[in-house]
Amino acid sequence: MTVQLPKHFETPDKALEALSNDRIAPVLYAGGMLALGVALIAAKPRIGNVPKPRRIGDENAASRLRRAAIRGRDGVEAFAPSNITDSLGRSLILGGAALLIARVLDEVGSRRG
């Protein structure tokens with residue numbers, strides 16, 4: 001039983017041409033993004049920790065403006081990351097996965113035959 005290769009892989013030169021930097025570089029770049037993102041999430045370096053806002057003098061909030069500022073601070077705090085490296089790691093993972101998916105779909109969509 002013989003294996004039929006697609007026409008663009010019939011000779012070694014054409015196979016090397018198909019695996020040129022234009023086609024492999026995005027995959028390697030996406031793999032690097034994924035690996036760096038996973039490493040950041042797994043390592044959780046202390047340098048990325050963000051301190052919580054200090055609650056000094058909350059009990060003495062007599063003015064309306066000060067109470068409004070405290071409520072605003074507490075509301076916004078829910079959206080602030082506690083560790084910046086986690087946020088960067090997730091962004092790198094999402095970006096790497098999107099790049100890899102786009103590259104795979106590009107390869108599948110551009111094949112002839």
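All values derive from a computational prediction rather than experimental measurement.
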Original post:
Can L92 be reached from I84 by stepping across I, L, V, M, F, W or Y side chains whose heavy atoms are under 4.5 Å apart?
Top reply: yes
Subject >> Smallest separation among heavy atoms of G96 and A30, with atom names >> reply: O-CB, 3.4 Å
**OP:** Give me the one residue out of L100, I24, L99, L34 that meets side-chain contact (heavy atoms from CB on, under 4.5 Å) with Y29.
**Re:** L99
Original post:
Above 12 or not: heavy atoms from other molecules or residues under 6.0 Å from CG of L105?
Top reply: yes
Subject >> Under-4.0 Å salt bridge between R103 and D106 >> reply: yes
Subject >> Criterion side-chain contact (heavy atoms from CB on, under 4.5 Å) against I93, the qualifying member of L40, L36, V38 >> reply: V38
Original post:
Once you round to the nearest 0.5 Å, how far does CZ of R90 lie from OG1 of T85?
Top reply: 9.0 Å
